[in-house]
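Just so we're on the same page: letters track the sequence lines, and every chain starts at 1. Below, all heavy atoms of this structure are taken into account, side chains as well, without hydrogens, waters or symmetry copies.
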Amino acid sequence: MRKNSLHTLTGTWADRIILLSCLTLIAVAWLFIHALMASGPAQAAIYYNKTLLATYPLPQTGQASIHFEAMGKLGISEITIDQQGARITSSPCITQQCVLSGAHRHSGDMIACVPNQILVTIRGRSDTQFDAIAE
Amino acid sequence: MILTRPSLHELDKQARWLALLMLAIGLHLFEASLPSLGPWFKPGLANLVTLLTLLWMGPKAAVLLAITRVIVGAFFIGTLFTPTFVMSMAGAISAATVMIIAWRYQPAVSLIGISLLAAVAHMLAQFITVETLFIQQSALYYALPPLLLLSTISGWLNGALAMYIAARLP
């Protein structure tokens, strides 16, 4: 059966069942998490490993931006929260993936610096539909 | 003790495995240099080589390739023995294990389904590793659904690509 299926790029019936199952589970989880996270005003929560360091509301247009220095395992991660969302502006980690990921403002978004054990999550309803991933 | 020269067949097999390893390492480095589509998301091209190795050379060669690829790739990127390396290793081993289980025990599943399951296992393993070892916050999992969706799509596409390659390079 597997050799016969080499003729097609659309997969077998079993593949399609797996795909459908995955998509269903993802959709249910996504809706559940969205309902859980999207209530209340938009805010950014900053964690170091198990510890919640700070929670800030996302500033609206005209409001001053917030700068926070989070002491992580390797050193200080600088976090800026402004109209565009929350972002890590500097980090002592090697890869700098957290800095490169840019600003995030959507409910459920997160920025994680694993080497420095810093996590920034966004929850609540954001007014601006800004897509940081596609930036 | 008499050292016997390896057979041509054995040498050919080793050369093919090394060629696949070089390809996997190259793709690993290429993926590391790509702009991020989300935390810890990669297109999974290096896992595609693991899948082809499983198809052509068996489970042992595939697992060995996955582990060696992560070690050598991390050495070149400069992340050897860092949390990024641990995540990468957990993802690669999980993906290879799921590939082998699906390959052995689910004959109705083609390379597309195997690749899809491996991509999902890879992403889940990374999240579980981070949540267990580095950032012990369940809030991490809130970002999982969109990343799993990307993994599902990339897993399907990589599986289709693996089928295309396997059909032309038996």
Do B:Leu133 and B:Met87 have side chains that get closer than 4.5 Å, going by heavy atoms?
-> no
Identify the residues of residues 19-26 of chain A whose heavy atoms come closer than 4.5 Å to a heavy atom of chain B, ordered by number, or report 'none'.
-> A:Leu19, A:Cys22, A:Leu23, A:Ile26
Just do the side chain to side chain contact (heavy atoms under 4.5 Å, CB included) check on A:Val99 and A:Thr89 with the steps written out, would you?
-> CA-CA 6 Å; A:Val99 177; A:Thr89 46; 6.0 Å; no
Using the rule that two of Ile, Leu, Val, Met, Phe, Trp, Tyr join whenever any of their side-chain heavy atoms come within less than 4.5 Å, decide whether A:Val28 and B:Val120 are in one cluster.
-> no
Is the backbone of B:Trp103 close enough, under 3.5 Å, to the side chain of B:Gln106 for a donor and an acceptor to pair up by distance?
-> no
For A:Asp82, check salt bridge (charged side-chain N to carboxylate O under 4.0 Å, His left out) against everything at least two apart and list the hits.
-> A:Arg87
So what's closer than 4.5 Å to chain B heavy atoms on A:Gln97: side chain, backbone, both or neither?
-> side chain
CA sep, side-chain torsions, deciding dist, call: B:Val98, B:His122, side chain to side chain contact (heavy atoms under 4.5 Å, CB included) | CA-CA 9 Å; B:Val98 167; B:His122 193 281; over 6 Å; no
Any donor-acceptor pair under 3.5 Å linking the side chain of B:Trp56 with the backbone of B:Leu169?
-> yes
Side chain, backbone, both or neither: which part of A:Cys98 has a non-hydrogen atom closer than 4.5 Å to chain B?
-> neither
Are B:Phe76 and B:Val49 joined in one hydrophobic group, where the rule is that I, L, V, M, F, W and Y side chains link up if heavy atoms are under 4.5 Å apart?
-> yes
ILVMFWY network linking B:Leu27 to B:Leu34, side-chain heavy atoms under 4.5 angstrom = yes
Contacts of residues 63-81 of chain A with chain B (heavy atom under 4.5 Å) | none
Is chain A contacted by the side chain of B:Leu140, its backbone, both, or neither, given a heavy-atom distance below 4.5 Å?
-> both
Step by step, would you call B:Leu161 with B:Leu157 a side chain to side chain contact (heavy atoms under 4.5 Å, CB included)?
-> CA-CA 6 Å; B:Leu161 189 56; B:Leu157 294 175; over 6 Å; no
Can you spot which of B:His28, B:Glu31, B:Arg69 makes a side-chain contact (heavy atoms from CB on, under 4.5 Å) with B:Asn47?
-> B:Arg69
Answer key: most heavy-atom pairs under 4.5 Å with chain A among B:Gly113, B:Pro146, B:Ser115, B:Ser151 is B:Pro146
So which residues get pulled into B:Tyr142's cluster when ILVMFWY side chains under 4.5 Å apart are joined, directly or through others?
-> A:Phe32, A:Ile33, A:Leu36, A:Met37
Please state whether the side chain, the backbone, both or neither of B:Leu148 comes within less than 4.5 Å of a heavy atom of chain A.
-> both
